[in-house]
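Quick note on labels: first sequence line is chain A, next is B, and so on, each numbered from 1.
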Amino acid sequence: SSLFVYPTKIIIKTCGTTQLLKSIPPLLRHASLDLGLTLSSCRYTRGNFIFPRAQPFPYTNFQNEVVYLEESLPAALCYRKASVMPSKTPSHAWHVFSASTQNTTCRFGDSDDDDLYTLEICMTELDRDLARNFFRRPGDDKNGDSAGKEMTELTGISQINPRALICDFAFDPCGYSMNGIDGDRHSTIHVTPEDGYSYASFECVGSVYDDREEVVRMLKKVVQVFRPATMSVSTTCASHEAWTRVAGALEPLGFKCRSCAADEFPAAGTVVYQTFVDRR
Amino acid sequence: MAVSGFEGFEKRLELHFFGDDPKNMGTLGLGLRLLDFDSIQEVLDEVQCTVVSAVANHYFDAYVLSE
């Protein structure tokens with residue numbers, strides 16, 4: 001799981017059965033009382049849980065999450081939208097809730113950021129041999145940090161964005177998380193390698209002005225590290241240009257695009273949700 | 001109850017803030033980065049997470065969390 005704190009933006013991304021939405025009241029309180037800052041927009045996203053019945057309320061179903069969000073957010077965020085974006089496979093859908101003080105699809109009311117996009121990739125059925133790289137070696141007399149560094153190098157994750165400064169951690173007996181920082185752009189990877197429910201996520205921020213080949217190279221590296229049987233990719237961007245780069249990058253790597261859904265959300269812009277399967 | 005393993009799929013929350021007065025952003029424009037660690041830990045206690053590693057640069061702070 002990861003937390004990113006920018007001057008005017010906070011991103012929390014947690015796995016397991018964590019109570020993520022309970023962070024909203026204390027965050028709003030501290031931002032307001034300690035710093036005099038006011039919430040302008042909120043975006044909540046998630047895929048489909050592998051073990052939905054293990055989730056506590058309100059994560060038992062998306063309607064409950066939306067009610068919880070509606071009740072937690074100030075009335076000033078009056079432009080709100082919730083949607084479950086479908087795919088061709090029932091096990092894959094993308095849940096999006098967005099709320100803003102402005103009825104605009106440019107990102108968070110700041111047109112300066114209109115070129116930026118967020119990529120949220122969810123990968124399942126990882127290649128078994130590659131997933132094994134994310135298990136601690138018994139008696140490795142390493143701690144989470146040093147074992148994490150070893151995994152980052154061994155798996156090639158350090159090559160996904162060679163410019164990024166990486167903060168990594170390996171969990172015992174298995175599992176891995178890393179955050180990358182490259183200028184004002186974050187990236188993050190979380191891995192659950194256990195066979196039968198193996199999962200890895202990759203998230204990063206890009207710009208439609210970035211070199212097109214850079215996205216292709218980066219996605220190619222992500223696929224090489226995990227070789228998943230299925231991938232879903234959510235692209236959130238004010239412009240409609242970012243998502244086409246994803247399909248263009250993955251199909252030459254042997255992935256077939258199975259579905260593509262798009263929708264507009266206040267302050268988030270356009271969310272495009274694509275699912276891919278490995279043709280092999 | 002189906003036998004459960006560890007849930008890999010994440011929940012993701014992104015919140016954006018603004019200040020009426022530039023002063024709110026602090027002298028160096030750090031804004032939310034001025035929140036003290038106790039406040040962040042209080043938030044993470046609600047979420048049921050704790051910090052296991054952290055790194056920062058000129059633009060933002062990044063924390064790796066454990067559930």
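In this structure, chain B has a heavy atom under 4.5 Å from the side chain of A/T192, while its backbone stays farther away. Neither the backbone nor the side chain of A/S32 comes within less than 4.5 Å of any heavy atom of chain B. Residue A/R185 touches chain B through its backbone alone, counting heavy-atom pairs closer than 4.5 Å. For A/Q55, the part sitting under 4.5 Å from any heavy atom of chain B is the side chain, from C-beta outward, and nothing else. Heavy-atom distances place both the backbone and the side chain of A/D184 under 4.5 Å from chain B. Contacts of A/D34 with chain B are made by side-chain atoms alone, with heavy-atom separations under 4.5 Å and no backbone atom involved. Residue A/L21 touches chain B through its side chain alone, counting heavy-atom pairs closer than 4.5 Å.
Residues passing the side chain to side chain donor-acceptor pair (under 3.5 Å) test with B/S66: none are found, sequence neighbours excluded.
If you look at B/F9 and A/Y199, their ring centroids are closer than 6.0 Å.
Heavy atoms only, all atoms of each residue included: A/A54 and B/S4 are closest at CB-OG, 3.4 Å. The minimum heavy-atom distance linking A/T18 with B/V47 is given by the pair CB-O, 3.4 Å. Considering all non-hydrogen atoms of both residues, A/D168 and B/S53 come closest at O-OG, 4.1 Å. In terms of heavy-atom proximity, A/I181 sits nearest to B/A62 at CG2-CB, 3.9 Å. A/N179 and B/Y63 get closest at one heavy-atom pair: ND2-O, 2.9 Å.
Annotation: maximal heavy-atom pairing with chain A below 4.5 Å, among B/I40, B/D45, B/V43, B/D36, occurs at B/V43. With respect to chain A, the highest number of heavy-atom pairs below 4.5 Å among B/D61, B/N57, B/V55, B/V51 belongs to B/D61.
Classification of A/E203 and B/R12 as a salt-bridged pair holds, one side-chain N sitting under 4.0 Å from a carboxylate O. A/R46 and B/E7 are not joined by a salt bridge, as no carboxylate oxygen comes within less than 4.0 angstrom of a charged side-chain nitrogen.
B/L35 places a side-chain heavy atom less than 4.5 Å from the side chain of A/H30. Counting heavy atoms from C-beta on, the side chains of B/E14 and A/I11 come closer than 4.5 Å.
In this structure, B/K11 forms a cation-pi arrangement with A/Y59, its terminal cationic atom sitting closer than 6.0 Å to the ring centre and no more than 45° off the ring axis.
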